[in-house]
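These notes concern the structure reproduced below.
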Amino acid sequence: MCGITGILSLDPRRPVERAPLEAMTRELVHRGPDDEGFHVQGPVGLGFRRLAIVDPRPAGNQPHYGNGDKVVSVCNGEIFNHEALRDDLIARGHAFRSRADVEVVPHAYQEWGDGVLDRLNGQFAFAVYEPERHRLLLARDPVGICPLFWCEVDGLLLFASEIKALLAHPAVPRQLDPTGLDQILTFPGTVSPRTLFAGIHALPPGHALVVEDGRIALRGYWDLDYPRGEAAPAPSDWEEQLEHLLRQAVSRRLQGDVPVGFYLSGGLDSSLVAGLIHDLRPNDDWRAFSIVFDDEAIDERGFQRQVADRIGARLTSVPFSADEIDHRLRAVVRAAETPLRETYDTCSHALSQAVAESGCKVVLSGEGADELFAGYVGYRFDLARDATGDGFADPFDGDEWEEIRARETLWGDGNFFYERDYAGFRDTRAALYAPGLAARLGQFDCTRGAAVDTTRLAGRHPLHKRSYVDFKLRIADHLLADHGDRMTFAHSVEGRYPFLDADLIDFVRRLPPSLLMQDGREKYPLRRIARRHVPPAIIEREKFAFVAPGSPALLARARDGAAEWVADLLDPTRIRAEGVFNADTVARLREAYLQPGFSVNQTFDIDLMMIVLTFQLFREEFQLSSPT
């Protein structure tokens, strides 16, 4: 993986300047410390920073060109089926200059046009430009592993792997989009195409952006599509097929000419990935990386050690405490480019640093298994609601009819419950915003429109509905973004996710929901396969959410004089002047969070003070202007 940037003049007669492109590309050195490359010709400029993983020779550097140099491309990502594509393209007359996996992109585009998107298996965000047609294609992989942001300013289309690169262009403003902030408060994170920056858009997963004849058009080329109605029975050999696909997904992600490691949390998902890695290449010297806590209530080192010992991996355990959160949080917010709802991104930041210091450039993770195999507690609740037919089986805030209307707007289904009652939560958000901003909540309220494509929920099983929403609201712009991509690349490490393999997703989406959860236990298919690869204690343990100390720990440190920056950020005079949050509400929350015995249940509660604190850091780091 790497970092890409680009400037396209919508007027083909207007040449692009090189200096702004170079400034944008310099902001991505952490994504690609090994090399850089540029293509600046007429109305287009492409920039590239390289993290050399496949064919690290200079010949593998980008930009890459198609036959006759009639197509030029830059790509951030990995094309896992590049060898098969390369053989096909060579048979069709294409010549290659390197073994780099992403060199297939411009050639495949020459052969199949936009149909290239249906042939790639990988994680990618790329740009392909045809000079003769003055045509640009931007695309992001189906589930959104690789980021891509864009904006239109002063007759130019700008794009980059991270927002900070766009902000390096002098024409791009730094202004808060209040709807983006409202999404942070309401959902697991922002939802593409929204960001925290007005006018800067995230290309949604499974989407392409085409610029042709000076016009910009967006189109989706893939979406998660669960079956309607009654599910077909599972094939008799489903377990063998699933294990084959899992082994294939892991094997694909071990590709490369550099050392590869893996995260080991002590839970089922990462342990299964570790077991499959060992099974595929038992004689390799594998490196595993884990977070350990002094607090026994959240520490998992015993389970981590069981797995590492079983497969003979060298385990690096990274100690973590509230001191580390204090030390890392500002850097984490800058890397994430968003306020945060939890502190566990600081753990991910520490882990990727350990990976980099070990000499590994690639790390595998178990991310995506919970969303694909019904692994969260919400899936169990959905089954209970479905059995009773009561969408209000849980206590709810406010008026029931208001909540039904809110759910119908968000999901197209008044009985579908996702995380909280949104009608009642609207009052909480209004109380947290500054008076002037609260008065305009109706203009930027993220619950006033559909949160996802509701046609993908209609007629689906409750578990499939939740899975689809999790993929759209939790995976792409949170777990794969601020928690994944930005934390690994903060230390020049590439993250790979076997459970998000395209072939695996396509198989699992067709399994009957009754197979995913049996006897109230989540992820039944994975537990079956794990019996051959994972210690029994890992398989039988209850799901254990990965958490880290929240804002109460930081507030207590500030009270005790150990984190002065917290008091500065929460100063009431400052908060009133900035006009985003209500200073009185923040003061009341701060007092409540400091009460003896107070805690935030990160599975069910929102750490509002963490959002306030990290927004304040975010605003400082990016010099964000007040909302208008």
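Everything quoted here is computed from the prediction, not taken from an experiment.
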Are any non-hydrogen side-chain atoms of [X] and [Y] less than 4.5 angstrom apart?
X	Y	result
L457	D413	no
P205	D141	no
L613	L329	no
Q304	V292	yes
D177	F444	no
D607	E342	no
F622	L176	no
V493	V362	no

I'd like to know if [X] and [Y] make a salt bridge, using a cut-off of under 4.0 Å between side-chain N and carboxylate O.
X	Y	value
R541	E300	yes
R426	D421	no
D445	R429	yes
R474	D370	no
R527	E522	yes
D477	R194	no
D568	R574	yes
D326	R557	yes

State whether a side-chain donor-acceptor pair under 3.5 Å links [X] with [Y].
X	Y	result
E591	Q595	no
S551	Y593	no
S492	H30	no
R496	S365	no
R328	Q353	yes
R174	S625	no
Y376	E371	yes
D482	H478	yes

Between [X] and [Y], which heavy-atom pair has the shortest distance, and what is it?
X	Y	answer
I505	L500	CD1-O, 3.7 Å
S348	Y263	O-OH, 4.3 Å
I298	P549	CD1-CD, 4.3 Å
M517	L383	SD-CD1, 3.4 Å
V307	A274	CG1-CB, 4.1 Å
A537	F303	O-CE2, 4.0 Å

### Message
Please determine whether side chain to side chain contact (heavy atoms under 4.5 Å, CB included) holds for the pair M610 and T343, giving the CA-CA distance in whole Å, both sets of side-chain angles, and the decisive distance to 0.1 Å.
### Response
CA-CA 8 Å; M610 181 54 60; T343 64; 3.0 Å; yes
### Task
Could you walk me through whether K523 and D269 pass the salt bridge (Lys or Arg N to Asp or Glu O under 4.0 Å) test, one step at a time?
CA-CA 10 Å; K523 295 188 283 197; D269 309 330; 2.9 Å; yes
Could you tell me the separation between the [atom1] atom of [X] and the [atom2] atom of [Y], rounded to the nearest 0.5 Å?
X	Y	atom1	atom2	answer
L437	D182	CG	CG	8.5 Å
R590	M609	CZ	CE	6.5 Å
S192	H201	OG	NE2	12.0 Å
F373	L268	CZ	CG	10.0 Å
T454	K465	OG1	NZ	10.5 Å
S467	L516	OG	CG	8.5 Å

#### Entry: Parallel, tilted or perpendicular, as decided by the 30° and 60° cut-offs, for the rings of Y418 and F416
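Parallel.
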### Query
Mind checking whether F581 and Y433 have parallel, tilted or perpendicular rings, split at 30° and 60°?
parallel
### Task
Find out whether the Lys NZ or Arg CZ of R31 is both under 6.0 angstrom from the six-membered ring centre of F489 and within 45° of the ring's axis.
yes
### Query
Does the ring of F425 carry R420 above it, NZ/CZ under 6.0 angstrom from centre and within 45° of its axis?
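So R420 does make the cation-pi contact.
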### Task
Show the numbers, then the answer: is there a side chain to side chain contact (heavy atoms under 4.5 Å, CB included) between Y468 and F471?
CA-CA 5 Å; Y468 183 83; F471 264 82; 5.8 Å; no
### Task
Applying side chain to side chain contact (heavy atoms under 4.5 Å, CB included), run through L569 and E620 and close with a yes or a no.
CA-CA 9 Å; L569 291 177; E620 275 193 350; 3.7 Å; yes
### Task
Could you walk me through whether R448 and T409 pass the side-chain hydrogen bond (donor to acceptor under 3.5 Å, both in side chains) test, one step at a time?
CA-CA 7 Å; R448 298 291 188 184; T409 298; over 6 Å; no
### Query
Taking T614 for the side chain and L340 for the main chain, is one N or O donor matched with an acceptor at less than 3.5 Å?
yes
### Query
Would a distance-only check, ignoring hydrogens and angles, find a side-chain to backbone donor-acceptor pair under 3.5 Å from R301 to F293?
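A pair under 3.5 Å: yes.
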### Message
According to side chain to side chain donor-acceptor pair (under 3.5 Å), who are the partners of S352, at least two apart in sequence or on a separate chain?
### Response
H491
### Query
Listed by chain and number, what are the side chain to side chain donor-acceptor pair (under 3.5 Å) partners of S271, not counting sequence neighbours?
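Not a single residue meets the side chain to side chain donor-acceptor pair (under 3.5 Å) criterion with S271.
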### Query
Does CG belonging to D294 count more than 12 external heavy atoms closer than 6.0 Å?
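Counting neighbours around CG of D294, 12 or fewer heavy atoms of other residues, nucleotides or ligands fall under 6.0 Å, so no.
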### Task
Indicate, with yes or no, if the rings of H483 and Y344 have centres closer together than 6.0 Å.
yes
### Message
Quick check on the 6.0 Å ring-centre criterion: do F149 and F197 meet it?
### Response
no
### Task
Check the pair Y422, T186 against side-chain hydrogen bond (donor to acceptor under 3.5 Å, both in side chains), reporting the backbone distance first and the verdict last.
CA-CA 8 Å; Y422 291 101; T186 307; over 6 Å; no
### Task
Any chance you could lay out the side chain to side chain contact (heavy atoms under 4.5 Å, CB included) test for T338 and V333, step after step, and finish with the verdict?
CA-CA 6 Å; T338 179; V333 169; over 6 Å; no
